[in-house]
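Below, read A as the first sequence line, B as the second, and so on, with proteins coming before strands; counting in each chain starts at 1.
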Number of protein chains: 2
Amino acid sequence: MLSKKTKYGLKALTYIARKGNNEPVQIGEIAKNEHISQKFLESILLTLRKSGFLGSKKGKHGGYYLIKKPSDILMTDVMRVLEGPIALVPCVSLNFYEKCIDCPDEATCSVNKLMIQVRDSTLNVFKNNTLEDISK
Amino acid sequence: MLSKKTKYGLKALTYIARKGNNEPVQIGEIAKNEHISQKFLESILLTLRKSGFLGSKKGKHGGYYLIKKPSDILMTDVMRVLEGPIALVPCVSLNFYEKCIDCPDEATCSVNKLMIQVRDSTLNVFKNNTLEDISK
DNA sequence: TGCAATTTCTATTAAATCGATAGGAATAAT
DNA sequence: ATTATTCCTATCGATTTAATAGAAATTGCA
């Protein structure tokens, strides 16, 4: 299941992208329009800023704005920051690989075999979608 | 992330399928060979029995056996029983659909748009894999 | 200069879920 | 009977998730 963090993060990015201009958008406005707890959204936007998707301006008339064009923001990158590894098991993760403790041999592991396919197909979707695509 | 329940369940099914014959396989044997907590595995096999994948024989020389041929056991069905909905959000689930509380319009929701694609690609993988395929 | 609006940061908490454990009842083979 | 196994219910500890609280820092503006 997708975490609310990811869901809200995607919605917030979409909201900002749809505004079109580069004016800072305030947390409160996004929270209200997307029905998200403002405090929770705060921490999510902070994460997105620290990972290079958003810029921020403090103080009055402050807020968040996109640093890159929506068409340059890949879902692979957004998902990895918000949700973590795309793979469902560490032993098939490209960016966060870890050997399973309980599994002596990946070559004969049926879970490994299935999850590699799931990873690749999911990755394919995320690679082929930018923020622009999902904001249309 | 895949739950251990699903991981262990798949490993157990694979273990039984690889034995080839229809002799009951004991929980203890599977747990030992696949490095799974026996008590936890008990509850998983019970679930798989109740949902029609396994049969069981009680008492001495008892155990679990496959009810259908491995080539007739689809991953879509196994995954739904062990892991639950395949969709990452309820609003794109085919079998467990629920409207999102916070989302007034699915047609304009970017999360919905992205997650439909993920669902379809994942579903495609599970549809094209039987227990026989992953046990090879 | 001071006030108001906003992001930033740290800490805490409530609830849910997950993985594992415990113990005994029922059943079957010998 | 005895032994080995599945079956069932209940519980627990740890972790994670989602949300909350409150105050510091920054900025715009009168």
**OP:** Starting from C1' on D:dA19, measure out to CG on A:Leu41 and report it in whole angstrom.
**Re:** 12 Å
Original post:
B:Leu46 has a side chain; which of D:dG22, D:dT26, D:dC7 sits nearest to it?
Top reply: D:dC7
Subject >> Value in whole Å for how far the C1' atom of D:dT20 lies from CD of A:Gln38 >> reply: 12 Å
Subject >> Spacing between A:Lys4 atom NZ and C:dT17 atom P, to the nearest angstrom >> reply: 11 Å
Subject >> Pair A:Thr108-A:Asp105, side-chain donor/acceptor within less than 3.5 Å >> reply: yes
Original post:
Does a side-chain N or O from B:Tyr8 land closer than 4.0 Å to OP1 or OP2 of C:dG19, or not?
Top reply: no
Original post:
Of the candidate nucleotides C:dA28, C:dC9, D:dC8, which contains the atom at the shortest distance from the side chain of B:Glu42?
Top reply: D:dC8
Original post:
Taking only N and O in the side chain of B:Ser43, is any of them less than 4.0 Å away from OP1 or OP2 of D:dC8?
Top reply: no
Original post:
Is the distance from OP1 or OP2 of C:dT21 to the nearest side-chain N or O of B:Ser37 less than 4.0 Å?
Top reply: yes
**OP:** Take atom CD1 of A:Ile36 and atom C1' of D:dT17, then tell me their distance rounded to the nearest Å.
**Re:** 16 Å
Original post:
Cluster question for you: counting only ILVMFWY and a side-chain heavy-atom cut-off of under 4.5 Å, with indirect links fine, are B:Phe126 and B:Val92 together?
Top reply: no
Original post:
Of the nucleotides C:dT6, D:dG22, D:dT5, which one has an atom closest to the side chain of A:Gln26?
Top reply: C:dT6
Subject >> Position toward the 5' end of DNA chain C (nearest nucleotide), A:Lys50 or A:Gly59 >> reply: A:Gly59
Subject >> side-chain N/O B:Tyr64 vs D:dT5 OP1/OP2, d < 4.0 Å >> reply: no
**OP:** Give a yes or no on whether the backbone of A:Val125 and the side-chain of A:Asn129 come within a donor-acceptor separation of less than 3.5 Å.
**Re:** yes
Original post:
Given atom CE of A:Met1 and atom C1' of C:dA16, what is their separation to the nearest angstrom?
Top reply: 13 Å
Subject >> Salt-bridge criterion met for B:Lys7 and B:Glu83 (N-O under 4.0 Å) >> reply: no
Original post:
NA contact type, A:Ile27, heavy-atom cut-off 4.0 Å: base, sugar-phosphate, or nothing?
Top reply: sugar-phosphate
Subject >> For atom CG of B:Leu2 and atom P of D:dT16, their distance in whole Å >> reply: 16 Å
**OP:** Go through the side-chain N and O atoms of A:Tyr64 and A:Gln26 and say whether any donor and acceptor fall under 3.5 Å apart.
**Re:** no
**OP:** Indicate, with a heavy-atom threshold strictly under 4.0 Å, whether A:Gly63 touches base, sugar-phosphate, or nothing.
**Re:** sugar-phosphate
**OP:** Look at the side chain of A:Phe40 and decide which nucleotide, out of D:dA18, C:dA29, D:dC7, has an atom nearest to it.
**Re:** D:dA18
**OP:** Would you please say whether a donor-acceptor pair under 3.5 Å links the side chains of B:Asp133 and B:Thr130?
**Re:** yes
Original post:
Which of the following nucleotides, D:dT27, C:dC9, C:dT6, is nearest to the side chain of A:Lys60?
Top reply: D:dT27
Original post:
Nearest of D:dT20, D:dG28, C:dT7 to any side-chain atom of A:His61?
Top reply: D:dG28
**OP:** Report which part of the nucleic acid A:Lys7 touches: base, sugar-phosphate, or nothing (heavy-atom distance under 4.0 Å, all strands).
**Re:** nothing
**OP:** Could you check which of C:dA28, D:dA19, C:dT8 has an atom nearest any side-chain atom of B:Lys57?
**Re:** C:dA28
Subject >> Rounded distance (Å) that lies between atom P of D:dA18 and atom NZ of A:Lys5 >> reply: 9 Å
Subject >> Length of the line joining B:Glu29:CD and D:dT5:C1', which is rounded to integer Å >> reply: 13 Å
Subject >> Proximity to the side chain of B:Lys39 - top-ranked nucleotide from C:dG24, D:dT6, C:dC9 >> reply: C:dG24
